[in-house]
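In what follows, a single structure is set out as structure tokens and then discussed.
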Amino acid sequence: MKTRPSENQQSLNGKDALPPSIVRKIKLARVNLWWERAWPALWPATGVGGAYILTALLGLHESLPTALTKASLLLTTAGIAALLYRARPAFKWPSWDDALKRLEAMNGLAHQPLSAYQDSAAKDTGSDALWEAHRAWTERRIASLRVKLPRPNLAAHDPMALRAALGPVSYTHLT
């Protein structure tokens, strides 16, 4: 039976542990995965906050009665809080296996070499030399792994491109 060490055992089990350079890349892949999930979930709250700030920069609040200005601030704050509450599942930290799969897919590696490298040979199943040759081959395959930049694909979550409206309007007002 093949067993894979857990994330915490990576540094404890020297023979089955991934090289430190690969572990760093896996950790970076986890950060990238988290950002790809978190940013689209944060966008609605950021957009509402940006819209409020934009109206304040344009001076629209100055012409409103104080009660209405306070009510709009309260509604904006409540809206941001509700949007952030709804986005909570997106802030879950990606698993070690998610990062392995991401790195393998990102680098076009078939047959899960990162997972295979962490495996150990089953007892009495063959030559130790064959297993070591397999590990050496796998290590050569994973030596050149690259971690690419995150791709949060915000356009898919903002089909009306509302995000584009905040930038130019605020920039032209401030210049």
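In this chain, residues are counted from 1 in sequence order.
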Exercise for review: Under the side-chain contact (heavy atoms from CB on, under 4.5 Å) rule, what do Thr46 and Trp39 come out as? Steps first, then yes or no, please.
Suggested key: CA-CA 9 Å; Thr46 306; Trp39 178 237; 4.0 Å; yes

Practice item. Tell me, with the steps shown, if Leu84 and Leu42 meet side-chain contact (heavy atoms from CB on, under 4.5 Å). Key: CA-CA 7 Å; Leu84 289 174; Leu42 280 173; 3.5 Å; yes

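Residue Val23 is not grouped with residue Leu33 when hydrophobic side chains (ILVMFWY) are merged at heavy-atom distances under 4.5 angstrom, including chains of intermediate members. Cluster membership for Ile80 and Phe91, using ILVMFWY side-chain heavy atoms within less than 4.5 angstrom, is shared.
In this structure, the separation between OG on Ser95 and NZ on Lys101 is 7.0 Å, given to the nearest 0.5 Å.
The two residues Leu103 and Ala29 come nearest to each other via the heavy atoms CG-CB, 3.9 Å. Nearest heavy-atom pair across Lys25 and Arg146 is NZ-NH1, 4.5 Å. Scanning all heavy atoms of the two residues, the minimum distance from Tyr52 to Ser72 falls at CE1-OG, 3.8 Å.
By the 4.0 Å N-to-carboxylate-O rule, Asp98 lies too far from Lys92 to be salt-bridged with it.
Contact check for Glu36 versus Arg102: side-chain heavy atoms found under the 4.5 Å cut-off. The side-chain heavy atoms of Val31 and Trp93, taken from C-beta on, include a pair separated by under 4.5 Å.
Without hydrogens or angle criteria, Trp34 side chain to Pro94 main chain gives no donor-acceptor distance under 3.5 Å.
In this structure, Leu64 belongs to a hydrophobic cluster whose other members, linked by side-chain heavy atoms under 4.5 Å apart, are Leu68.
The residue from Leu145, Leu100, Val147 that alone fulfils the side chain to side chain contact (heavy atoms under 4.5 Å, CB included) condition with Ile26 is Leu100.
Remark: Thr55 engages His61 in a side chain to side chain donor-acceptor pair (under 3.5 Å) (not counting sequence neighbours).
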